[in-house]
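The block underneath contains the structure these notes are about, expressed in structure tokens.
All figures in this text were calculated on a predicted structure; none of them were measured in a lab.
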Amino acid sequence: MADGGEVGGIAAAKLKQFVEKIERLEAEKADLATDIREVYAEAKGNGFDTKIMRQVIKLRKMEEPDRKEQDELLDLYRAALEI
């Protein structure tokens, strides 16, 4: 198996490459999550409401038609609940 041969029909070397790549990407993802938390903390320290910032970021990721539909439904629900 040390030579990267097959074990039970699985190419061990190829499997090891995939696993190692995923591990590297997971580590990068954790680092990015830390960086994002730090940016939110900095924004909060500068007086910004981070809950609202998160909502804005979520909205910016949406396609325009989806965002408009959500806005219309929100307005409809607010009207129905008189809020």
Residues 54-67, side-chain donor-acceptor partners within the protein, below 3.5 Å, at least two apart:
residue	atom	partner	partner atom	Å
E64	OE1	R67	NH2	2.3
R67	NH1	L59	O	2.8
R67	NH1	M62	O	3.2

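- With rounding to the nearest 0.5 angstrom, the CG atom of L76 is 9.5 Å from the CG atom of L81.
- Applying the side chain to side chain donor-acceptor pair (under 3.5 Å) criterion to E38, with sequence neighbours excluded, gives no partner residue.
- Using a 4.5 Å cut-off on side-chain heavy atoms (C-beta onward), K21 and Q17 make no contact.
- Stacking of K14 on the aromatic ring of F18 is recorded, both the 6.0 Å distance cut-off and the 45° axial limit being met.
- Taking CG of D31 as the reference point, atom NZ of K29 lies at 12.0 Å (rounded to 0.5 Å).
- Between atom CZ of residue F48 and atom CD of residue E42 there is a gap of 10.0 Å, rounded to the nearest 0.5 Å.
- Following chains of ILVMFWY side-chain contacts shorter than 4.5 Å, one can reach I36 starting from M53, so the two form part of one hydrophobic cluster.
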